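Right, one structure below, let's go through it.
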Number of protein chains: 2
Amino acid sequence: MSRKTIHDVAAAAGVSIKTVSRVLNDETNVRPDTRARVLAAIDTLQFRPSLLARSLAGNRSHTLGFIYDDPSVHHLTDLQRGAMARCREAGNRLLVQPFVERGAELVREVVGFVTQTHLDGLIVTPPLSVLPDLAAALEERGIAHARIAPGDGATNVPTTDMDDVSAAREMTEHLLGLGHRDIAFIIGHPEHVSAHQRFMGFRLAMEAHGLLPPAGRVVQGAYSFESGVAAARKLLAARPRPTAIFASNDDMAAGVLLTAHDLGIAVPSELSVAGFDDSFIAGTLWPRLSTVHQPSFDLAYEATGQLLAFLKTGEVPPRLRVPHRLVVRASTGPVPA
Amino acid sequence: MSRKTIHDVAAAAGVSIKTVSRVLNDETNVRPDTRARVLAAIDTLQFRPSLLARSLAGNRSHTLGFIYDDPSVHHLTDLQRGAMARCREAGNRLLVQPFVERGAELVREVVGFVTQTHLDGLIVTPPLSVLPDLAAALEERGIAHARIAPGDGATNVPTTDMDDVSAAREMTEHLLGLGHRDIAFIIGHPEHVSAHQRFMGFRLAMEAHGLLPPAGRVVQGAYSFESGVAAARKLLAARPRPTAIFASNDDMAAGVLLTAHDLGIAVPSELSVAGFDDSFIAGTLWPRLSTVHQPSFDLAYEATGQLLAFLKTGEVPPRLRVPHRLVVRASTGPVPA
DNA sequence: GGTGCGCGTGACAGCGTTGTCATTTGCGTG
DNA sequence: CACGCAAATGACAACGCTGTCACGCGCACC
């Protein structure tokens, strides 16, 4: 069963290959009956155009790259799904690739990846999206890309983000509203800007109530489950214990819950636990985790849409901020008497 | 910055493009000094060969497809990682694609996918790997593929699996060894052969102890968290309650744990809960889940290796069975007195 | 009735590699 | 020192498609 080509279709329909190409690409200036004839031939031959040849000839691969280096499995999965969904709608494909290098080597690898595969553009996710040398290299080489990155002012690159500061602030307000004053915080991986922003949101809310983050109540984590366990061990060993722990993502919050249970600390009656992301895991934990719904899927979906738009029009769409949502479930409750 | 081509390299090294191609592909019959000169040119020009052109000309894309339709997120993620790791080692790429269709349409879509993208081969994961019409179509069209599929005797296709029956049996033995007699079982998605096999393993172990699966203790699930919750509600409403629940994957076991906690049933002192898969979630639940380590990563890693070997040699490697391992953690304990 | 224009179509080059086959080069041998 | 053979290299077509441009035709217009 040798491959069917555009020539076979052309022969079957009694037209030239160029006309078949026109039909394939929905170009104008093809008479309706010709088009129908070609379509019929395509159908009976079960013809599928070679994406390789199409990309090589057309100088567009209809493929976007999705690059990441994220320790937070669930968040990443959602991002991926979002990007893939948008790609599919547009008839594009998505090539997912992790990069663990940094500095010059990262730049070389990424650029090599793009040129090797003729990518039309790149979706750059955190933390890669905040590396200045990578950004500069992409800019310089004219590689189209969209960033999913916390934004600071104007940019000349399509950028999508959520308001991490406000979100963290809202969650903190929620805890404060429940009467908590002694609230501990677990910071995320320092390479992620979101980690700083969520911490900032926490501090802002505390300060608005005249509170300082209590000494020893702020612990460095790394967005991983294990780092959540480690941080919780430290925090829950203190006397008095904090009455609430706000972990800056769900995976770490899961670690906190586990540790609390292991220590026989009841959640939420003795300890409130809050997460951030609203990833798959949040709904499977017990008690179901109060968290902030981070629109990971939408974030990537929109970023991909922006990139596609940019590729089409050449105009940089304005920064897009995707709304978040406080999700109060069962892991947070009134401060113990 | 226009793309560097093999011509640029050839000019820089003072050789023909064919010689560059030889160096690129590690062919013999190139003098060492010529090779060195070409390599140097490649390096200074930062040249990366176009995979598109290479695939089109060479009739090999060095790309494998990974097709799935699995509701169990974690298991799938691990499979994907395994396949990707093996591909990377071999300098291949992996194109991941879900397919939700069935029957003739599925076949059409998959075949179209393969021809469009010039895939060298396909890694077919459950439940797609047990659909007879898909298998027949791939066979007929001469599309190389490896199956991750519970095996029944000899096959002419590289196949990798684990021993689901024995694994489920061992877990059941573990529960029986703890004194449990009234053990409930939640069956997985009926489209997955693994669901039937795990159930069979359960029954076999019970029968070996002269026990029949107690009436009303076997519930149909679907491998999803929600189906676990639903099944647990049903099972835990019965009087007397079963003393143990064996859910045939971790996601469903998570649903059972959550439900038990909600009902105030202590695990494992009042109820033992067992899962299957040992996915990421198993270690994050409380109590940490006793489960069977399903070597998802290895399964896909090996399957990919087999496919690669088959593509190279044309010989079907023998069926490979990857070992599993009982992982006893904290969610199973002695039967309540 | 000739001119011009636009629509529909086709011929052909080119995308950046590899495969095939011819040609050149180098070296041992008689 | 010529000869032969293998090793090293190159010329060129081919992979399957799109871009460019040219062509033919019918129609409105002066």
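Keep in mind that what you see is a predicted model, and the values were worked out from it rather than measured. The sequence lines fix the lettering, A, B, ..., with proteins before strands; numbering per chain opens at 1.
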Partners of Ala137(B) by side chain to side chain contact (heavy atoms under 4.5 Å, CB included), sequence neighbours excluded?
Val107(B), Arg141(B)
Any donor-acceptor pair under 3.5 Å linking the side-chain atoms of Tyr301(A) with those of Glu89(A)?
yes
Provide the full list of salt bridge (Lys or Arg N to Asp or Glu O under 4.0 Å) pairs with a residue in residues 295-312 of chain A, sequence neighbours left out, each pair given once.
none
Let me know the distance between CZ of Arg3(A) and C1' of dG16(D), rounded to the nearest Å.
8 Å
For a ring pair (Phe, Tyr, Trp, His ring centres under 6.0 Å) with Tyr223(B), tell me which candidate from His192(B), His189(B), His74(B), His75(B) qualifies.
His192(B)
Once side chain to side chain donor-acceptor pair (under 3.5 Å) is applied, do any residues pair with Glu191(A), and if so which ones, sequence neighbours excluded?
Arg102(A)
Do Arg22(B) and dG10(D) have a side chain to base donor-acceptor pair shorter than 3.5 Å?
yes
In whole Å, I'd like the distance from the CZ atom of Arg54(A) to the C1' atom of dG16(D).
11 Å
OP1 or OP2 of dA11(C) less than 4.0 angstrom from a side-chain nitrogen or oxygen of Ser16(A), does that happen here?
no
Interatomic distance where NE2 belongs to His7(A) and C1' belongs to dC17(D) [whole Å]
9 Å
What is the distance, rounded to the nearest whole Å, between atom CD1 of Ile17(A) and atom C1' of dC21(D)?
15 Å
Contact check, residues 25-42 of chain A vs DNA chain D, heavy-atom distance under 4.0 Å, returns Asn25(A)
Write down the distance between NZ (Lys4(B)) and P (dT17(C)), rounded to a whole number of angstrom.
12 Å
Rounded to the Å, how far apart are Arg48(B) CZ and dT17(C) P?
13 Å
Across the strands shown, which category fits Leu51(B) at heavy-atom distances under 4.0 angstrom: base, sugar-phosphate, nothing?
nothing
Tabulate atom names and distances for all N/O pairs under 3.5 angstrom spanning the protein and nucleotides 4-6 of chain D.
none

In whole angstrom, give the distance that lies between atom CG of Leu24(B) and atom C1' of dG19(C).
15 Å
Starting at the 5' end of DNA chain D and moving along, which residue's nearest nucleotide shows up first, Lys18(B) or His118(B)?
Lys18(B)
Gly65(A) versus Phe113(A), closest heavy-atom pair with distance
CA-CE2, 4.5 Å
Close residues, residues 55-64 of chain B, relative to DNA chain C [heavy-atom separation under 4.0 Å]:
Ala57(B), Gly58(B)
Describe, as an angle rounded to 10 degrees, how the axis at the first end of the helix from dG1(C)-dC30(D) to dG30(C)-dC1(D) is tilted relative to the axis at the last end, five pairs per end.
50°
With a 4.0 Å limit, can you tell me whether Ser21(A) has a side-chain N or O closer than that to the phosphate oxygens OP1/OP2 of dC17(D)?
no
Verify the contact: side-chain N or O of Thr5(A) to OP1 or OP2 of dG16(D), cut-off strictly under 4.0 Å; return yes or no.
no
Using nucleotides 24-26 of chain D, report all nitrogen or oxygen pairs with the protein that are shorter than 3.5 Å.
none

Please list, chain by chain and in numerical order, all residues satisfying salt bridge (Lys or Arg N to Asp or Glu O under 4.0 Å) with Asp33(B), sequence neighbours excluded.
Arg31(B)
Please report, to 0.1 Å, the donor-acceptor pairs under 3.5 Å made by any side chain of residues 127-135 of chain B, with sequence neighbours excluded.
| residue | atom | partner | partner atom | Å |
| --- | --- | --- | --- | --- |
| Ser129(B) | OG | Ile148(B) | O | 2.8 |

Please report the distance, rounded to the nearest Å, between CD1 in Ile6(A) and P in dT9(C).
15 Å
List for me each residue that meets side chain to side chain donor-acceptor pair (under 3.5 Å) alongside Ser55(A), sequence neighbours excluded, and say none if there are none.
none
With sequence neighbours left out, which residue pairs that include part of residues 119-131 of chain B fulfil the salt bridge (Lys or Arg N to Asp or Glu O under 4.0 Å) condition?
Arg60(B)-Asp120(B)
